Structure formats: structure tokens, C-alpha cells
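Proteins come first, then strands; the chains are lettered A, B, ... in the order of their sequence lines, and each starts at number 1. The structure presented is a predicted model; accordingly, all values stated were derived computationally and were not measured. In what follows, every heavy atom counts, from backbone to side chain, and hydrogens, waters and symmetry copies are set aside.
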Number of protein chains: 2
Amino acid sequence: MADEKTTKITVPRSQKALKTRDSILTNARIAFTSVGYARAGLREIAGNVGVNPALILRYFGSKEELFRSALETVVNVHRMIDCERDRFGAHMADLLNVSAADALPMMLLSLSEPAAREVSQSALQERIVDPLAAWLGPPDAEARATEIVMLSMGYVLYSRMLRLRASGDKAIDQWLAEALQQIADRQ
Amino acid sequence: MADEKTTKITVPRSQKALKTRDSILTNARIAFTSVGYARAGLREIAGNVGVNPALILRYFGSKEELFRSALETVVNVHRMIDCERDRFGAHMADLLNVSAADALPMMLLSLSEPAAREVSQSALQERIVDPLAAWLGPPDAEARATEIVMLSMGYVLYSRMLRLRASGDKAIDQWLAEALQQIADRQ
DNA sequence: AATAGAAGTCAACATGTGTTTACATTTTGC
DNA sequence: GCAAAATGTAAACACATGTTGACTTCTATT
């Protein structure tokens, strides 16, 4: 049992090859973020990169692995907690309104695909909830982190994906910021 | 211009035919709720009803119309506002934990399909947000109704679709109930 | 009983998908 | 400069999908 599972994945060695691999990753992220896992076709991603679809599979093995790699480049907690504790609510509310927060649309549009859902779930737990809980600290760190994520998902759904009539209402943004701050301040 | 758009849709006349049409609708709702629009195949729905796929299109015209019909049977505000005003938070929190609230998973799993998303968006606005706002009353009725929907979507995502580690935490359910109640009480 | 129309079946079409295999081209190490 | 490996292409495979039109079976009315 030396070679567990001989895949055909190739790690790029030349600078140029690394550039195209990165370009694939970038375009994949854009595609997944705008139309979700199922509707993002390898042919279209490859076309936008100017490359053959088969090359994607040589670098990433499968569409599912491509999604996992693309998601990992975009899910991280750093920008969320890059602020003073007493400004966390307003900071998060701002963040959710800029396209920097691409991870959530990417995950929310890919919920129906079981593979993509599993990837999203573990990425969200390990790369957002857990570090956020550590940053918040006791009491009930994990519960409060989960509440923050919950609220964020609801907000992104409302403001960017479902576009309900109230979308853009400043009063709602204000409410969101206060609700988030309350969770962060709770003790 | 007498016959606008001669579709081939048939309205069932016999009792038996109406039963099968209802059965199609029921099974469609179950399929859409559990795997979303894209992964719910007409062949599988028809198979579960014990009927031919072509019959579905004779009764509903297209998959998109089937989704619209199925969603309408399940999206309504009645159970949400069937309680005393001062118990709204706890009532909603309970409701979101029983499978009665099937509408949200059905919509959330179908976000990536543009057709299904549009149907969901208008159903949510017209059949939930608007009547809920009317029930809540001033001030800021629509904003508060939207906040309630936002929170509900986030909660369902957390507890039933993404299944984060904290899923089932009673403290979070408690927090949700209180947050919802605060929105309802605000003035 | 005959017959029109509804209720339902059947097989094919058109299209799109991720993936694979075989092949060509370029780069790199010796 | 040559050979081998890396980089990339081309075309087909295998499969699944919504949809269509022609066909059969049943039922109800005359």
C-alpha cells in the first residue's frame, strides 16, 4: 500500500504553469461565486482562462476538489476580526456589504450539491466559527460565534441574493450592526 | 389574439385525475424541499408518484411552473402569526424547528437556479414579508418584517442545512426567540 | 354499443455535463 | 542537442436532463 490512490494530479513546476493554475483558481472562484457549484461549468471556466477543460482536471483532479481549493482561498476570518472589539458590529456590517465577503454567496449558491455543501460546512466551522469563538472568548464563545455567522448568512441572503424590497434600507444595516455588537459584548 | 399562448396544459376533470395531480404536487414539494430545484428530476418525481414524466408537463407545462405551484402550496404566513403578540418569538422559534416550515429549505436549496430564485423572491416578499408587516404594524413595519425573515433564514441554514457543530444548542434557540420577540416588540 | 375526448404511456430528441484517453507541443536537465 | 518530463490540446465517452409528438388505454356520454 505504497501509493494509496494514484491520481493524475500534476503540480506545476514552471512559473508560467503556476500562473495558469492560479488563473484557473481565480476564474473558478468568480464562477462559483456568481452562479454556484452546479451551474459553473468546467468548460466555461476553462474558456475564460483560455485553456482546455482537461487541464483543470490535471491540476485539481475533479470539480469537487477545484471547489474546495477555490473556497479555501476565500474563506478566512482575518478581515472579520481586524478591528477593535467595541466596533465589531459596524465593522462586520460594512464587510458584508462589500464584495470582499465572497465566501458566503459562493457557499449559499452551492448548498444543493452534497459535495459542495460538505466542503462549505467544514470550512465554515473550522475557518470561521472556531477562530471567531477563540477571538470572542468566554462565556459561550462557540454559541456566540455561531449566532454571528447565522446573522451574517441571513443578511447576505436578504441583501445580495434574494434582493427583497427592503434591500438597501439603511435602518436595517444599522439594526444588523447593533445586533452583532450585542452578541460580541455579551457576557 | 384569441388564444394568447396555446399551451398543452390540461386541467383534470375526473376525481382520479385530480388525485394524481395532487400526488404529483405533493411529491414535487418533497423532492424540491430535500434536494432543491436543480437536483429534483422530473423522472424521479414521476417515478415516486407511479406515473410517466410526460404527464407532469401536461398538468404543469414546465418544471419551472411545477416549482412555482409547489412553492405556493407551502409558503404562507398563517402559522407564523397564529399566536399572541407577546409570544411571537418563542412561537416562531418552535415553528422553525418543525418540518412544517418546509418553504425555507425549498427556497434556499434552489437559489442557484435563476428561475427558481425569482419565484422564491416574489413569494417571500408577497406572501410572507408583506402580510407579516401588516400584522406587525408601525413603526417600520416592512423593515421589521424583513429582519424577522432574515433571522429565520439564517437560523434554518445553521440548524437544518449546514448543521454546524452547535446545531441543537438550546441556548441558541433561546437567543433566537428573544431576538425575534425584540423585533416584534420594537416601537 | 359506438365514439369522442381525457388520462396516461413510450420512445426519441436535443443538449449539457464531468471525465477520460490518446495525442501534440513545449520546457528542462544532462 | 537529445531525451524525458511537463504543459497543453482534441475528441470522444457515458450519462443525465427537460421536453416533445405520436401512440395507446380508459371513461363517460349519446
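Here A:T20 reaches the OP1 or OP2 of D:dG8: one of its side-chain N or O atoms lies under 4.0 Å away.
For the side-chain contact (heavy atoms from CB on, under 4.5 Å) test, residues two or more places apart in sequence or in another chain that qualify with A:I30 are A:T26.
Whole-Å rounding puts the B:I56 CD1 to C:dC10 P distance at 15 Å. When rounded to the nearest whole Å, the span between CG of A:L57 and P of C:dT19 equals 5 Å. Remark: P of C:dA7 and CG of B:L18 are 9 Å apart, rounded to the nearest angstrom. Atoms CG (A:L66) and P (C:dT17) sit 15 Å apart, rounded to a whole Å. B:E64 places its CD atom 13 Å from the P atom of D:dG18, with the value rounded to the nearest Å. Between B:L42 atom CG and C:dC10 atom P there is a gap of 17 Å when expressed in whole angstrom units. In this structure, B:L55 places its CG atom 6 Å from P of C:dT9, rounding to the nearest Å. Regarding A:N52, its CG atom lies at a distance of 13 Å from the P atom of C:dG18, rounded to whole Å.
A donor-acceptor contact under 3.5 angstrom links the side chains of A:E142 and A:Q125, judged on distance only. For the 3.5 Å distance criterion, the side chains of B:Q182 and B:E147 fail to qualify, holding no donor opposite an acceptor.
Ion pairing of B:R87 with B:E84 is absent here, as no side-chain N (NZ or NE/NH1/NH2) approaches a carboxylate O to less than 4.0 Å. With respect to B:R165 and A:D130, a salt bridge is recorded, a charged nitrogen being found less than 4.0 Å from a carboxylate O.
The listed nucleotides are C:dA7, D:dT9, C:dT19; the one nearest the side chain of A:R43 is C:dT19. Among the nucleotides D:dG18, C:dA7, C:dG18, the one closest to any side-chain atom of B:K63 is D:dG18.
Within 4.0 Å (heavy atoms only), A:A40 reaches sugar-phosphate atoms of the nucleic acid but no base atom. Note on A:Y59: only backbone sugar-phosphate atoms sit closer than 4.0 angstrom, heavy atoms only; bases stay farther off.
The two residues A:H91 and A:M80 come nearest to each other via the heavy atoms CD2-O, 3.2 Å.
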Write out a two-atom table: protein N or O, nucleotide N or O from nucleotides 21-28 of chain D, distance below 3.5 Å.
none

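The 12-atom threshold is exceeded at CZ of A:R85, counting heavy atoms of other residues, nucleotides or ligands nearer than 6.0 Å.
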